[in-house]
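In what follows, chains are A, B, ... by sequence order, proteins preceding strands, each numbered from 1. Any value given below was found using the heavy atoms of this structure, including those in side chains, with hydrogens, waters and symmetry copies removed.
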Amino acid sequence: MLILRPPRIHPSEITDEALFWNRRLFLGAAVGALAAAVPSALAASRLPAPRSRDDELTPYDDVTTYNNFYEFGLDKRDPSRNAHTLRPHPWTVRVEGEVHNPKVYDVDELARRYPAEERVYRLRCVEAWSMVIPWLGFELNRLLKDVEPTSHARYVAFQTLHDPDQMPGQRSGVLPWPYVEGLRLDEAMHPLTILVTGLYGKPLPNQNGAPLRLAVPWKYGFKSIKSIVRIRLTRDQPPTTWNLAAPREYGFYSNVNPDVDHPRWSQKRERRIGELLRRPTLMFNGYGDQVASLYAGMDLRRDY
Amino acid sequence: MMGRGTGDGGRGQTRWRWRLAQAACVAVVLVPAALIVVDLLRDALGANPIEEITHRTGDWTIRLLIGTLAVTPLRRLTGWNPVVRFRRTLGLLAFTYASLHFLTYAVLDQGLFLQGDVLGYLGEDIAKRPYITVGFTAFVLLVPLALTSTKGWIRRLGTRWTALHRLAYVAAALGVLHYLWLVKGDQVTPVWYGVALVLVLAPRVGWNRRGARAVASVPRGAVGPVVPAEFLSKAARSVETR
(Lines give C-alpha, C1' and ligand atoms only; values in the text may rest on other atoms or scores of the structure.)
Protein backbone atom coordinates (compact mmCIF):
# COMPACT_ATOMS: atom_id res chain seq x y z
CA MET A 1 0.00 0.00 0.00
CA LEU A 2 1.28 3.37 -1.04
CA ILE A 3 1.58 5.64 1.98
CA LEU A 4 2.17 9.19 0.92
CA ARG A 5 1.50 12.47 2.58
CA PRO A 6 0.66 15.30 0.23
CA PRO A 7 3.23 18.09 0.35
CA ARG A 8 2.02 20.37 3.09
CA ILE A 9 2.20 24.11 2.92
CA HIS A 10 3.85 25.42 6.01
CA PRO A 11 1.82 28.07 7.83
CA SER A 12 4.82 30.41 7.60
CA GLU A 13 4.54 30.28 3.80
CA ILE A 14 1.00 31.62 3.80
CA THR A 15 0.77 35.20 2.57
CA ASP A 16 -0.63 37.47 5.13
CA GLU A 17 -3.57 39.54 4.08
CA ALA A 18 -1.71 42.85 3.99
CA LEU A 19 0.71 41.46 1.41
CA PHE A 20 -2.17 40.12 -0.62
CA TRP A 21 -3.79 43.54 -0.76
CA ASN A 22 -0.49 45.00 -1.83
CA ARG A 23 -0.59 42.77 -4.86
CA ARG A 24 -4.07 43.98 -5.69
CA LEU A 25 -2.75 47.52 -5.46
CA PHE A 26 0.08 46.56 -7.76
CA LEU A 27 -2.43 45.30 -10.26
CA GLY A 28 -4.32 48.56 -10.01
CA ALA A 29 -1.11 50.49 -10.51
CA ALA A 30 -0.24 48.39 -13.55
CA VAL A 31 -3.61 49.07 -15.14
CA GLY A 32 -3.33 52.75 -14.28
CA ALA A 33 0.09 52.94 -15.87
CA LEU A 34 -1.25 51.23 -18.95
CA ALA A 35 -4.17 53.61 -19.28
CA ALA A 36 -1.98 56.64 -18.72
CA ALA A 37 0.79 55.66 -21.09
CA VAL A 38 -0.17 52.79 -23.33
CA PRO A 39 2.79 53.12 -25.72
CA SER A 40 5.39 53.55 -23.02
CA ALA A 41 5.87 49.85 -22.65
CA LEU A 42 9.30 50.48 -21.24
CA ALA A 43 7.88 52.06 -18.12
CA ALA A 44 5.65 49.04 -17.59
CA SER A 45 8.56 46.63 -17.98
CA ARG A 46 10.30 48.25 -15.05
CA LEU A 47 7.40 47.47 -12.71
CA PRO A 48 8.34 44.91 -10.09
CA ALA A 49 7.11 41.48 -11.04
CA PRO A 50 5.58 39.42 -8.21
CA ARG A 51 7.52 36.36 -9.22
CA SER A 52 6.61 34.29 -6.23
CA ARG A 53 6.62 30.59 -6.97
CA ASP A 54 5.09 29.85 -3.61
CA ASP A 55 1.70 28.34 -3.14
CA GLU A 56 0.04 30.94 -1.03
CA LEU A 57 -3.50 30.25 0.10
CA THR A 58 -6.12 31.84 -2.13
CA PRO A 59 -8.24 34.15 0.05
CA TYR A 60 -11.52 32.72 1.35
CA ASP A 61 -13.54 35.40 -0.45
CA ASP A 62 -12.05 34.43 -3.80
CA VAL A 63 -12.47 30.71 -3.18
CA THR A 64 -16.15 31.27 -2.38
CA THR A 65 -17.11 33.86 -5.03
CA TYR A 66 -15.31 32.60 -8.12
CA ASN A 67 -16.89 29.25 -8.92
CA ASN A 68 -17.84 27.13 -11.89
CA PHE A 69 -21.02 25.43 -10.74
CA TYR A 70 -23.40 25.62 -13.70
CA GLU A 71 -26.26 24.28 -11.56
CA PHE A 72 -26.43 27.82 -10.14
CA GLY A 73 -25.62 29.89 -13.23
CA LEU A 74 -22.89 30.32 -15.79
CA ASP A 75 -21.11 33.39 -14.48
CA LYS A 76 -18.35 32.76 -11.94
CA ARG A 77 -20.16 34.94 -9.42
CA ASP A 78 -23.56 33.28 -9.92
CA PRO A 79 -23.06 30.31 -7.56
CA SER A 80 -22.23 32.53 -4.59
CA ARG A 81 -25.37 34.57 -5.31
CA ASN A 82 -27.75 31.73 -6.16
CA ALA A 83 -26.66 28.65 -4.20
CA HIS A 84 -28.69 29.62 -1.12
CA THR A 85 -31.51 27.52 -2.60
CA LEU A 86 -29.50 24.35 -2.01
CA ARG A 87 -30.43 22.46 1.16
CA PRO A 88 -27.34 20.47 2.17
CA HIS A 89 -28.98 19.07 5.30
CA PRO A 90 -30.34 16.50 5.62
CA TRP A 91 -28.40 14.81 2.83
CA THR A 92 -27.76 11.20 1.96
CA VAL A 93 -25.18 9.60 -0.27
CA ARG A 94 -25.86 6.23 -1.85
CA VAL A 95 -22.82 4.01 -2.33
CA GLU A 96 -23.66 1.10 -4.61
CA GLY A 97 -22.77 -0.96 -7.65
CA GLU A 98 -19.91 -3.44 -7.62
CA VAL A 99 -19.61 -3.55 -3.82
CA HIS A 100 -20.33 -6.18 -1.20
CA ASN A 101 -21.83 -3.67 1.27
CA PRO A 102 -23.95 -1.11 -0.59
CA LYS A 103 -25.08 1.53 1.82
CA VAL A 104 -26.92 4.82 2.08
CA TYR A 105 -24.96 7.20 4.27
CA ASP A 106 -26.16 10.33 5.96
CA VAL A 107 -23.49 13.02 5.55
CA ASP A 108 -23.40 13.61 9.30
CA GLU A 109 -22.72 9.92 9.76
CA LEU A 110 -19.90 10.13 7.21
CA ALA A 111 -18.40 13.05 9.10
CA ARG A 112 -18.48 11.03 12.32
CA ARG A 113 -17.00 7.89 10.78
CA TYR A 114 -14.24 9.70 8.93
CA PRO A 115 -12.97 12.70 10.91
CA ALA A 116 -11.91 15.53 8.64
CA GLU A 117 -8.28 16.49 8.21
CA GLU A 118 -6.96 19.60 6.47
CA ARG A 119 -5.38 19.19 3.04
CA VAL A 120 -3.96 22.19 1.22
CA TYR A 121 -4.26 21.45 -2.51
CA ARG A 122 -3.69 23.37 -5.68
CA LEU A 123 -6.81 23.51 -7.84
CA ARG A 124 -6.16 23.95 -11.57
CA CYS A 125 -9.23 24.78 -13.65
CA VAL A 126 -9.30 23.68 -17.28
CA GLU A 127 -9.85 27.38 -18.07
CA ALA A 128 -6.20 28.08 -17.11
CA TRP A 129 -6.71 29.66 -13.69
CA SER A 130 -5.78 28.13 -10.37
CA MET A 131 -6.18 28.49 -6.62
CA VAL A 132 -4.68 27.02 -3.46
CA ILE A 133 -7.39 25.83 -1.09
CA PRO A 134 -7.22 24.41 2.45
CA TRP A 135 -9.84 21.68 2.19
CA LEU A 136 -11.28 19.67 5.04
CA GLY A 137 -12.05 16.09 4.17
CA PHE A 138 -11.11 12.43 4.26
CA GLU A 139 -9.57 10.01 1.84
CA LEU A 140 -12.13 8.45 -0.48
CA ASN A 141 -10.34 5.10 -0.17
CA ARG A 142 -11.52 4.79 3.43
CA LEU A 143 -15.15 4.87 2.37
CA LEU A 144 -14.52 2.60 -0.61
CA LYS A 145 -12.76 0.00 1.56
CA ASP A 146 -15.67 -0.01 3.98
CA VAL A 147 -18.17 -0.88 1.23
CA GLU A 148 -15.78 -3.59 -0.08
CA PRO A 149 -15.52 -3.35 -3.86
CA THR A 150 -16.07 -6.64 -5.68
CA SER A 151 -13.37 -8.07 -7.92
CA HIS A 152 -15.27 -6.66 -10.91
CA ALA A 153 -15.08 -3.07 -9.74
CA ARG A 154 -12.78 -1.08 -12.04
CA TYR A 155 -14.25 2.43 -12.03
CA VAL A 156 -16.08 4.76 -9.67
CA ALA A 157 -18.96 6.89 -10.97
CA PHE A 158 -20.15 10.00 -9.11
CA GLN A 159 -23.41 11.90 -9.49
CA THR A 160 -24.52 15.35 -8.38
CA LEU A 161 -27.98 16.07 -7.00
CA HIS A 162 -30.61 16.52 -9.72
CA ASP A 163 -33.28 18.86 -8.40
CA PRO A 164 -34.10 21.99 -10.41
CA ASP A 165 -35.94 23.44 -7.40
CA GLN A 166 -32.72 23.48 -5.43
CA MET A 167 -30.45 23.90 -8.46
CA PRO A 168 -32.20 26.36 -10.79
CA GLY A 169 -29.45 26.15 -13.40
CA GLN A 170 -30.66 22.62 -14.18
CA ARG A 171 -33.67 24.19 -15.91
CA SER A 172 -31.34 25.29 -18.70
CA GLY A 173 -30.03 22.80 -21.21
CA VAL A 174 -26.46 24.05 -21.16
CA LEU A 175 -25.23 20.65 -19.91
CA PRO A 176 -26.93 17.25 -19.67
CA TRP A 177 -28.15 16.88 -16.07
CA PRO A 178 -27.40 15.49 -13.59
CA TYR A 179 -23.67 16.24 -13.62
CA VAL A 180 -21.70 13.00 -13.55
CA GLU A 181 -18.01 12.26 -13.16
CA GLY A 182 -15.81 9.22 -12.90
CA LEU A 183 -12.42 7.90 -11.86
CA ARG A 184 -10.54 4.71 -12.45
CA LEU A 185 -10.61 2.67 -9.23
CA ASP A 186 -6.87 3.13 -8.62
CA GLU A 187 -7.27 6.90 -9.01
CA ALA A 188 -10.19 6.85 -6.58
CA MET A 189 -8.17 4.79 -4.08
CA HIS A 190 -5.17 7.12 -4.29
CA PRO A 191 -4.46 8.85 -0.95
CA LEU A 192 -4.54 12.27 -2.62
CA THR A 193 -8.17 11.76 -3.65
CA ILE A 194 -10.41 13.12 -0.92
CA LEU A 195 -14.07 13.65 -0.22
CA VAL A 196 -14.40 17.24 0.97
CA THR A 197 -16.71 18.43 3.72
CA GLY A 198 -15.28 21.90 4.38
CA LEU A 199 -12.70 24.55 3.58
CA TYR A 200 -10.78 27.08 5.62
CA GLY A 201 -11.83 25.18 8.74
CA LYS A 202 -15.52 25.82 8.05
CA PRO A 203 -18.35 23.71 6.65
CA LEU A 204 -18.34 23.63 2.84
CA PRO A 205 -20.25 26.63 1.43
CA ASN A 206 -23.10 25.69 -0.92
CA GLN A 207 -21.36 27.29 -3.93
CA ASN A 208 -18.32 25.08 -3.37
CA GLY A 209 -20.35 21.88 -3.51
CA ALA A 210 -21.95 21.35 -0.10
CA PRO A 211 -22.28 19.10 1.68
CA LEU A 212 -19.89 16.67 0.01
CA ARG A 213 -17.61 17.05 -2.99
CA LEU A 214 -14.57 15.44 -4.48
CA ALA A 215 -11.05 16.90 -4.70
CA VAL A 216 -8.65 15.25 -7.15
CA PRO A 217 -5.80 17.74 -7.19
CA TRP A 218 -3.85 16.41 -10.20
CA LYS A 219 -6.85 16.66 -12.52
CA TYR A 220 -8.65 19.68 -13.96
CA GLY A 221 -11.18 21.13 -11.55
CA PHE A 222 -14.29 19.87 -13.33
CA LYS A 223 -13.35 16.30 -12.32
CA SER A 224 -13.87 17.28 -8.66
CA ILE A 225 -17.65 16.88 -8.75
CA LYS A 226 -19.78 18.81 -6.25
CA SER A 227 -22.85 18.07 -4.10
CA ILE A 228 -22.55 14.30 -4.53
CA VAL A 229 -25.61 12.08 -3.96
CA ARG A 230 -24.42 8.84 -5.52
CA ILE A 231 -21.15 6.91 -5.73
CA ARG A 232 -21.38 3.81 -7.89
CA LEU A 233 -18.60 1.29 -8.53
CA THR A 234 -18.72 -0.07 -12.06
CA ARG A 235 -17.08 -2.54 -14.42
CA ASP A 236 -17.02 -0.16 -17.36
CA GLN A 237 -15.74 3.37 -17.76
CA PRO A 238 -18.64 5.63 -16.72
CA PRO A 239 -19.79 8.62 -18.78
CA THR A 240 -18.62 12.06 -17.63
CA THR A 241 -20.55 15.26 -18.23
CA TRP A 242 -17.99 17.47 -19.99
CA ASN A 243 -16.85 14.55 -22.09
CA LEU A 244 -20.47 14.05 -23.19
CA ALA A 245 -20.83 17.77 -23.91
CA ALA A 246 -17.59 18.16 -25.90
CA PRO A 247 -15.66 14.89 -26.31
CA ARG A 248 -12.85 16.45 -28.35
CA GLU A 249 -12.15 19.01 -25.62
CA TYR A 250 -12.59 17.07 -22.38
CA GLY A 251 -11.39 13.51 -21.96
CA PHE A 252 -12.17 10.98 -19.26
CA TYR A 253 -8.76 11.38 -17.60
CA SER A 254 -8.36 15.17 -17.81
CA ASN A 255 -5.06 15.12 -15.96
CA VAL A 256 -3.45 18.56 -15.69
CA ASN A 257 -0.93 18.49 -18.53
CA PRO A 258 0.92 21.55 -19.89
CA ASP A 259 1.91 19.59 -23.00
CA VAL A 260 -1.62 18.81 -24.14
CA ASP A 261 -3.43 22.01 -25.01
CA HIS A 262 -7.15 22.40 -24.91
CA PRO A 263 -8.18 22.56 -28.58
CA ARG A 264 -9.12 26.20 -28.10
CA TRP A 265 -6.52 27.49 -25.66
CA SER A 266 -3.07 26.82 -24.27
CA GLN A 267 -2.60 24.85 -21.05
CA LYS A 268 1.09 25.78 -20.71
CA ARG A 269 0.51 28.59 -18.25
CA GLU A 270 -2.11 29.53 -15.70
CA ARG A 271 -3.19 32.53 -13.71
CA ARG A 272 -3.10 31.93 -9.98
CA ILE A 273 -6.07 33.88 -8.66
CA GLY A 274 -4.74 37.03 -6.97
CA GLU A 275 -1.59 37.20 -9.09
CA LEU A 276 -0.90 39.37 -12.11
CA LEU A 277 1.58 37.30 -14.06
CA ARG A 278 0.88 33.83 -15.37
CA ARG A 279 2.95 30.99 -14.04
CA PRO A 280 3.90 27.76 -15.79
CA THR A 281 1.47 24.89 -15.36
CA LEU A 282 3.06 21.83 -13.82
CA MET A 283 2.58 18.27 -15.06
CA PHE A 284 -0.12 16.60 -12.96
CA ASN A 285 -0.51 20.02 -11.31
CA GLY A 286 2.77 19.39 -9.45
CA TYR A 287 1.67 16.05 -7.99
CA GLY A 288 3.62 13.95 -10.49
CA ASP A 289 5.82 12.33 -7.84
CA GLN A 290 2.74 10.85 -6.25
CA VAL A 291 0.56 10.02 -9.25
CA ALA A 292 2.66 9.66 -12.42
CA SER A 293 3.00 5.91 -11.80
CA LEU A 294 -0.77 5.52 -12.24
CA TYR A 295 -0.31 6.34 -15.92
CA ALA A 296 2.90 4.46 -16.68
CA GLY A 297 2.85 3.25 -20.27
CA MET A 298 -0.17 5.33 -21.23
CA ASP A 299 -0.14 7.85 -24.07
CA LEU A 300 -1.48 10.93 -22.29
CA ARG A 301 -1.92 12.75 -25.60
CA ARG A 302 -4.46 10.16 -26.61
CA ASP A 303 -5.94 9.58 -23.15
CA TYR A 304 -6.30 13.27 -22.32
CA MET B 1 -30.85 89.69 -31.80
CA MET B 2 -30.37 86.62 -33.89
CA GLY B 3 -33.22 85.35 -36.05
CA ARG B 4 -33.39 81.66 -36.88
CA GLY B 5 -31.72 80.84 -40.14
CA THR B 6 -30.37 84.32 -40.64
CA GLY B 7 -27.00 83.66 -42.18
CA ASP B 8 -24.01 82.24 -40.30
CA GLY B 9 -25.32 82.78 -36.81
CA GLY B 10 -28.00 80.05 -37.07
CA ARG B 11 -25.68 77.60 -38.82
CA GLY B 12 -23.03 78.16 -36.19
CA GLN B 13 -25.51 77.49 -33.44
CA THR B 14 -26.65 74.26 -35.11
CA ARG B 15 -23.09 73.14 -35.55
CA TRP B 16 -22.42 73.93 -31.88
CA ARG B 17 -25.41 71.83 -30.89
CA TRP B 18 -24.13 68.88 -32.89
CA ARG B 19 -20.71 69.22 -31.31
CA LEU B 20 -22.39 69.09 -27.91
CA ALA B 21 -24.41 66.02 -28.93
CA GLN B 22 -21.23 64.32 -30.16
CA ALA B 23 -19.43 65.12 -26.92
CA ALA B 24 -22.38 63.74 -24.94
CA CYS B 25 -22.29 60.58 -27.03
CA VAL B 26 -18.57 60.12 -26.36
CA ALA B 27 -19.03 60.77 -22.65
CA VAL B 28 -21.87 58.27 -22.34
CA VAL B 29 -20.06 55.56 -24.26
CA LEU B 30 -16.93 56.01 -22.16
CA VAL B 31 -18.88 55.41 -18.93
CA PRO B 32 -18.29 51.62 -19.04
CA ALA B 33 -14.55 52.23 -19.38
CA ALA B 34 -14.66 54.64 -16.44
CA LEU B 35 -16.60 52.05 -14.43
CA ILE B 36 -13.84 49.53 -15.02
CA VAL B 37 -11.34 51.93 -13.47
CA VAL B 38 -13.71 52.72 -10.57
CA ASP B 39 -14.38 49.04 -9.91
CA LEU B 40 -10.68 48.28 -10.11
CA LEU B 41 -9.94 50.88 -7.46
CA ARG B 42 -12.81 49.58 -5.30
CA ASP B 43 -11.55 46.03 -5.86
CA ALA B 44 -15.00 45.21 -7.21
CA LEU B 45 -13.88 43.31 -10.31
CA GLY B 46 -14.06 39.95 -8.56
CA ALA B 47 -11.45 37.28 -7.99
CA ASN B 48 -10.08 37.47 -11.54
CA PRO B 49 -10.00 41.18 -12.41
CA ILE B 50 -8.10 40.72 -15.67
CA GLU B 51 -10.68 38.29 -16.98
CA GLU B 52 -13.45 40.71 -15.97
CA ILE B 53 -11.74 43.63 -17.76
CA THR B 54 -11.23 41.46 -20.85
CA HIS B 55 -14.89 40.46 -20.90
CA ARG B 56 -16.25 43.96 -20.34
CA THR B 57 -14.10 45.63 -23.01
CA GLY B 58 -14.87 42.81 -25.44
CA ASP B 59 -18.61 43.05 -24.84
CA TRP B 60 -18.58 46.80 -25.44
CA THR B 61 -16.53 46.43 -28.61
CA ILE B 62 -19.16 44.16 -30.15
CA ARG B 63 -22.07 46.28 -28.91
CA LEU B 64 -20.51 49.44 -30.36
CA LEU B 65 -19.64 47.78 -33.67
CA ILE B 66 -23.24 46.66 -34.02
CA GLY B 67 -24.37 50.13 -32.91
CA THR B 68 -22.18 51.76 -35.56
CA LEU B 69 -23.55 49.48 -38.25
CA ALA B 70 -27.10 50.24 -37.07
CA VAL B 71 -26.74 53.93 -37.91
CA THR B 72 -27.21 53.59 -41.67
CA PRO B 73 -30.30 51.34 -41.53
CA LEU B 74 -31.75 53.61 -38.86
CA ARG B 75 -31.23 56.57 -41.12
CA ARG B 76 -32.85 54.84 -44.10
CA LEU B 77 -35.79 53.58 -42.07
CA THR B 78 -36.52 56.82 -40.26
CA GLY B 79 -35.37 59.23 -42.94
CA TRP B 80 -33.63 61.13 -40.16
CA ASN B 81 -30.39 61.92 -41.96
CA PRO B 82 -28.49 63.80 -39.24
CA VAL B 83 -28.10 60.53 -37.29
CA VAL B 84 -25.24 59.69 -39.66
CA ARG B 85 -23.13 62.24 -37.83
CA PHE B 86 -22.80 59.71 -35.03
CA ARG B 87 -21.51 56.95 -37.22
CA ARG B 88 -17.87 57.95 -37.18
CA THR B 89 -17.99 58.78 -33.46
CA LEU B 90 -19.45 55.37 -32.61
CA GLY B 91 -17.02 53.63 -34.94
CA LEU B 92 -14.03 55.28 -33.30
CA LEU B 93 -15.40 54.44 -29.86
CA ALA B 94 -15.77 50.81 -30.97
CA PHE B 95 -12.14 50.92 -32.06
CA THR B 96 -11.18 52.42 -28.69
CA TYR B 97 -12.79 49.53 -26.85
CA ALA B 98 -11.28 47.03 -29.29
CA SER B 99 -7.84 48.51 -28.54
CA LEU B 100 -8.44 48.34 -24.78
CA HIS B 101 -9.63 44.74 -25.19
CA PHE B 102 -6.55 43.77 -27.20
CA LEU B 103 -4.16 45.54 -24.82
CA THR B 104 -5.80 43.89 -21.82
CA TYR B 105 -5.31 40.51 -23.46
CA ALA B 106 -1.73 41.11 -24.64
CA VAL B 107 -0.32 43.01 -21.65
CA LEU B 108 -2.36 42.17 -18.56
CA ASP B 109 -3.52 38.68 -19.46
CA GLN B 110 -0.53 37.34 -21.38
CA GLY B 111 2.09 39.56 -19.74
CA LEU B 112 3.53 41.35 -22.79
CA PHE B 113 6.18 43.85 -21.60
CA LEU B 114 5.73 42.50 -18.06
CA GLN B 115 7.49 39.16 -18.32
CA GLY B 116 9.75 37.36 -20.78
CA ASP B 117 8.94 35.04 -23.70
CA VAL B 118 5.45 36.42 -24.09
CA LEU B 119 5.75 37.15 -27.82
CA GLY B 120 6.11 33.42 -28.39
CA TYR B 121 2.91 32.70 -26.48
CA LEU B 122 1.09 35.51 -28.27
CA GLY B 123 2.25 34.31 -31.69
CA GLU B 124 1.19 30.78 -30.86
CA ASP B 125 -2.18 31.97 -29.58
CA ILE B 126 -2.85 34.06 -32.67
CA ALA B 127 -1.71 31.34 -35.06
CA LYS B 128 -3.14 28.27 -33.35
CA ARG B 129 -6.28 29.31 -31.49
CA PRO B 130 -9.06 29.96 -34.01
CA TYR B 131 -10.99 32.24 -31.66
CA ILE B 132 -7.91 34.38 -31.12
CA THR B 133 -7.03 34.28 -34.83
CA VAL B 134 -10.42 35.70 -35.80
CA GLY B 135 -10.49 38.18 -32.91
CA PHE B 136 -7.05 39.48 -33.79
CA THR B 137 -7.99 39.66 -37.48
CA ALA B 138 -11.06 41.69 -36.59
CA PHE B 139 -8.91 44.10 -34.60
CA VAL B 140 -6.36 44.43 -37.41
CA LEU B 141 -9.16 45.13 -39.90
CA LEU B 142 -10.41 47.98 -37.73
CA VAL B 143 -7.04 49.76 -37.76
CA PRO B 144 -7.18 51.08 -41.36
CA LEU B 145 -10.80 52.06 -40.82
CA ALA B 146 -9.88 54.17 -37.81
CA LEU B 147 -6.91 55.68 -39.66
CA THR B 148 -9.00 56.65 -42.71
CA SER B 149 -11.89 58.08 -40.72
CA THR B 150 -10.67 61.68 -41.14
CA LYS B 151 -12.18 64.13 -43.62
CA GLY B 152 -8.92 64.25 -45.52
CA TRP B 153 -8.87 60.50 -46.10
CA ILE B 154 -12.55 60.40 -46.99
CA ARG B 155 -11.91 63.01 -49.69
CA ARG B 156 -8.71 61.36 -50.91
CA LEU B 157 -10.20 57.87 -51.20
CA GLY B 158 -13.46 59.01 -52.74
CA THR B 159 -15.63 56.06 -53.75
CA ARG B 160 -12.99 53.61 -52.55
CA TRP B 161 -13.59 54.87 -49.02
CA THR B 162 -17.07 53.33 -48.97
CA ALA B 163 -15.76 50.03 -50.27
CA LEU B 164 -12.90 50.01 -47.74
CA HIS B 165 -15.20 50.75 -44.84
CA ARG B 166 -17.31 47.73 -45.65
CA LEU B 167 -14.54 45.89 -43.79
CA ALA B 168 -16.50 46.94 -40.72
CA TYR B 169 -19.07 44.26 -41.64
CA VAL B 170 -16.33 41.64 -41.73
CA ALA B 171 -14.76 42.86 -38.49
CA ALA B 172 -18.10 42.75 -36.65
CA ALA B 173 -18.87 39.26 -37.97
CA LEU B 174 -15.42 38.03 -36.91
CA GLY B 175 -15.98 39.64 -33.52
CA VAL B 176 -19.16 37.63 -33.01
CA LEU B 177 -17.41 34.47 -34.20
CA HIS B 178 -14.56 35.19 -31.77
CA TYR B 179 -17.05 35.30 -28.90
CA LEU B 180 -18.95 32.23 -30.09
CA TRP B 181 -15.78 30.14 -30.32
CA LEU B 182 -14.36 31.06 -26.95
CA VAL B 183 -17.30 30.30 -24.68
CA LYS B 184 -17.45 27.08 -22.72
CA GLY B 185 -20.99 25.80 -22.59
CA ASP B 186 -23.04 28.98 -22.78
CA GLN B 187 -23.59 30.29 -26.29
CA VAL B 188 -26.64 32.43 -25.61
CA THR B 189 -24.97 35.84 -25.49
CA PRO B 190 -22.83 35.49 -28.64
CA VAL B 191 -25.82 34.09 -30.52
CA TRP B 192 -27.84 37.19 -29.58
CA TYR B 193 -25.02 39.39 -30.82
CA GLY B 194 -25.07 37.39 -34.06
CA VAL B 195 -28.81 37.92 -34.43
CA ALA B 196 -28.41 41.66 -33.81
CA LEU B 197 -25.63 41.87 -36.37
CA VAL B 198 -27.69 40.06 -39.01
CA LEU B 199 -30.59 42.43 -38.29
CA VAL B 200 -28.48 45.54 -38.86
CA LEU B 201 -26.69 44.11 -41.91
CA ALA B 202 -29.69 42.48 -43.62
CA PRO B 203 -31.34 45.68 -44.93
CA ARG B 204 -28.17 46.45 -46.88
CA VAL B 205 -28.62 43.35 -49.02
CA GLY B 206 -31.90 44.71 -50.34
CA TRP B 207 -30.44 48.13 -51.10
CA ASN B 208 -27.41 46.67 -52.80
CA ARG B 209 -29.55 44.43 -55.06
CA ARG B 210 -31.71 47.35 -56.04
CA GLY B 211 -28.59 49.41 -56.48
CA ALA B 212 -26.94 46.74 -58.60
CA ARG B 213 -29.95 46.64 -60.92
CA ALA B 214 -29.79 50.38 -61.29
CA VAL B 215 -26.07 50.17 -61.98
CA ALA B 216 -26.57 47.44 -64.56
CA SER B 217 -28.04 49.97 -66.96
CA VAL B 218 -24.97 52.15 -66.61
CA PRO B 219 -22.02 51.37 -68.92
CA ARG B 220 -19.53 48.97 -67.31
CA GLY B 221 -16.70 50.64 -65.53
CA ALA B 222 -18.60 53.86 -65.08
CA VAL B 223 -19.30 52.99 -61.44
CA GLY B 224 -17.87 50.18 -59.33
CA PRO B 225 -20.30 47.30 -59.74
CA VAL B 226 -21.03 46.68 -56.07
CA VAL B 227 -21.48 50.27 -54.99
CA PRO B 228 -24.96 51.55 -55.73
CA ALA B 229 -24.98 55.04 -57.15
CA GLU B 230 -27.68 56.20 -54.79
CA PHE B 231 -25.72 54.95 -51.81
CA LEU B 232 -22.61 56.72 -53.02
CA SER B 233 -24.32 60.04 -53.52
CA LYS B 234 -25.78 59.81 -50.04
CA ALA B 235 -22.41 58.89 -48.63
CA ALA B 236 -20.87 61.85 -50.40
CA ARG B 237 -23.57 64.12 -48.99
CA SER B 238 -23.02 62.75 -45.51
CA VAL B 239 -19.34 63.48 -45.87
CA GLU B 240 -20.12 67.04 -46.76
CA THR B 241 -22.35 67.53 -43.77
CA ARG B 242 -19.61 66.56 -41.33
- Query: What part of A:Glu127 gets closer than 4.5 Å to chain B, counting heavy atoms only: side chain, backbone, both or neither?
  - Reply: side chain

- Give a yes or no on whether B:Asp117 atom CG has more than 12 heavy-atom contacts from other residues, nucleotides or ligands under 6.0 Å away. no

- Can you say whether B:Leu112 sits under 4.5 Å from chain A via the side chain, the backbone, both, or neither, judging by heavy atoms? neither

- Evaluate whether atom CZ of B:Arg156 has more than 12 neighbouring non-hydrogen atoms of other residues, nucleotides or ligands under 6.0 angstrom away. yes

- What distance do A:Asp75 atom CG and B:His55 atom NE2 have between them, rounded to the nearest 0.5 Å? 9.0 Å

- Among B:Lys128, B:Gln187, B:Glu124, who wins on heavy-atom pairs under 4.5 Å with chain A? B:Glu124

- Non-hydrogen atoms of chain B under 4.5 Å away: do they reach the side chain of A:Arg264, the backbone, both or neither? both

- Let me know if B:Ile132 has heavy atoms under 4.5 Å from chain A in its side chain, its backbone, both or neither. neither

- Query: Checking A:Leu74 against chain B: side chain, backbone, both or neither under 4.5 Å from a heavy atom?
  - Reply: side chain

- Task: Mind ranking A:Asp261, A:Asp61, A:Thr58, A:Val174 by heavy-atom pairs under 4.5 Å with chain B and telling me who comes out on top?
- Result: A:Asp261

- Where do B:Leu182 and A:Trp265 come nearest, in terms of heavy atoms and distance? O-CZ3, 4.3 Å

- Would you sort out whether A:Arg271 and B:Glu51 count as a salt bridge (charged side-chain N to carboxylate O under 4.0 Å, His left out), showing the intermediate values? CA-CA 10 Å; A:Arg271 164 155 301 108; B:Glu51 179 186 67; over 6 Å; no

- The reported gap from CD1 in A:Ile273 to CG in B:Asn48 (rounded to nearest 0.5 angstrom) is 4.0 Å

- Non-hydrogen atoms of chain B under 4.5 Å away: do they reach the side chain of A:Val63, the backbone, both or neither? neither

- Task: Please flag which part of B:Val118 lies under 4.5 Å from any non-hydrogen atom of chain A: side chain, backbone, both or neither.
- Result: side chain

- Task: Answer yes or no: is there a side-chain heavy-atom contact under 4.5 Å between B:Arg129 and A:His262?
- Result: no

- Message: Taking side chain as everything from C-beta outward and backbone as N, CA, C, O, which of these in A:Asn68 sits under 4.5 Å from a heavy atom of chain B? Side chain, backbone, both or neither.
- Response: side chain

- Contact class of A:Phe222 relative to chain B, heavy atoms under 4.5 angstrom: neither

- Task: Measure from NZ or CZ of A:Arg269 to the centre of the six-membered ring of B:Tyr121, then state whether that distance is under 6.0 Å and the direction lies within 45° of the axis.
- Result: yes

